[in-house]
Amino acid sequence: MADEGITNLWTPDTDRMFVQKWSKNYQGTNNPEKEKRAYEVITSDYEVPKDAMKGILDAAYVFEGDGGFDKSSIVNGLSKIGAIESNYGTKSQTGGGPAKSYWQVEPVTAKDLLENSSALFGDKFN
């Protein structure tokens, strides 16, 4: 990520807060075991593949400013979610589940967001 001009200014405390927000809002279970694993993943030495970084940078461009998030926060957050969800090792859910992409989004969830969350998407979203 350093070659993209984005630096990780997060500390262990902000990483813990990130995991708690991921657990509540993305993963949805507030499971302490999953939170522990997520923290271990995002504080490890993971690498974001080029194809994932392209998607992350595109999303950061589109959503920059929405909800008060700046580009760096979006890049850091999406990078960490991809590491937690798939460790950037697969784009299909392990065990044959429906989730897709490094971020393990289920198609029904993606469709629902596109159809019902337009108020969350800013002017650059198409």
Side-chain angles (χ1 to χ4, degrees):
M1 284 186 353
D3 55 305
E4 299 296 339
I6 305 296
T7 57
N8 187 353
L9 302 175
W10 292 28
T11 66
D13 286 340
T14 57
D15 283 334
R16 282 188 182 84
M17 289 186 320
F18 178 86
V19 166
Q20 290 170 346
K21 289 179 182 182
W22 162 84
S23 180
K24 178 183 176 191
N25 300 308
Y26 196 91
Q27 207 280 322
T29 65
N30 292 323
N31 180 317
E33 289 178 24
K34 290 182 180 182
E35 289 177 11
K36 180 179 184 253
R37 185 196 64 79
Y39 182 79
E40 289 170 356
V41 168
I42 67 171
T43 58
S44 71
D45 237 2
Y46 66 87
E47 283 198 38
V48 180
K50 286 184 181 185
D51 64 328
M53 184 53 73
K54 181 187 180 323
I56 289 169
L57 291 172
D58 288 348
Y61 168 77
V62 170
F63 295 109
E64 183 177 20
D66 291 356
F69 290 100
D70 62 16
K71 181 179 180 180
S72 182
S73 295
I74 295 168
V75 170
N76 271 310
L78 289 176
S79 297
K80 290 177 185 313
I81 290 171
I84 293 168
E85 293 292 328
S86 69
N87 203 28
Y88 293 109
T90 182
K91 292 182 184 181
S92 294
Q93 186 173 357
T94 303
K100 301 294 181 199
S101 83
Y102 293 125
W103 300 274
Q104 297 297 286
V105 177
E106 294 189 11
V108 68
T109 302
K111 184 178 179 191
D112 181 66
L113 286 169
L114 289 172
E115 291 175 351
N116 299 309
S117 298
S118 62
L120 299 175
F121 300 135
D123 295 336
K124 294 183 271 183
F125 183 77
N126 181 358

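Only a predicted model underlies this, so the values are computations on that prediction, with no experimental measurement involved.
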With the 4.5 Å side-chain cut-off for hydrophobic clustering, are Phe69 and Met17 part of the same group?
no

Quick check: closest heavy atoms across Pro98 and Pro107, and the distance to 0.1 Å?
O-CD, 3.1 Å

Is the backbone N or O of Lys24 less than 3.5 Å from a side-chain atom of Gln27, with the two atoms forming a donor-acceptor pair by type?
no

Whether Thr43 side chain and Tyr39 backbone form a donor-acceptor pair below 3.5 Å:
yes

Between Leu78 and Ala59, what is the shortest heavy-atom contact and its length?
CD1-CB, 3.6 Å

Is there a donor-acceptor pair closer than 3.5 Å between any side-chain N or O of Glu106 and the backbone N or O of Val108?
no

What heavy-atom pair brings Val19 and Glu35 nearest, and what distance separates the two atoms?
CG1-O, 3.4 Å

Show every side chain to side chain donor-acceptor pair (under 3.5 Å) that has at least one partner inside residues 83-97, sequence neighbours left out.
Trp22-Glu85, Asp51-Lys91

So, for Val75 and Leu57, which heavy atoms are closest and what is the spacing to 0.1 Å?
CG2-CD2, 3.9 Å

Can you check side-chain hydrogen bond (donor to acceptor under 3.5 Å, both in side chains) on Ser73 and Asp70, steps first, answer last?
CA-CA 5 Å; Ser73 295; Asp70 62 16; 2.8 Å; yes

Can you measure from CG (Asn76) to CD1 (Ile81) and round to the nearest 0.5 angstrom?
11.0 Å

Non-neighbouring partners of Lys50 that pass salt bridge (Lys or Arg N to Asp or Glu O under 4.0 Å), sequence neighbours left out
none

CG (Asp58) and CD1 (Ile74) are apart, to the nearest 0.5 Å, by 12.0 Å

Is there a side-chain contact between Phe18 and Ile84, using heavy atoms and a 4.5 Å cut-off?
yes

Which heavy atom in Gln104 sits nearest to a heavy atom in Ser101, and how many Å separate them?
NE2-O, 2.6 Å

Could you pull out all residues at least two apart from Lys36 that satisfy salt bridge (Lys or Arg N to Asp or Glu O under 4.0 Å)?
Glu40

Test your reading of the model: is there a side-chain donor-acceptor pair from Ser23 to the backbone of Gln20, 3.5 Å cut-off?
no

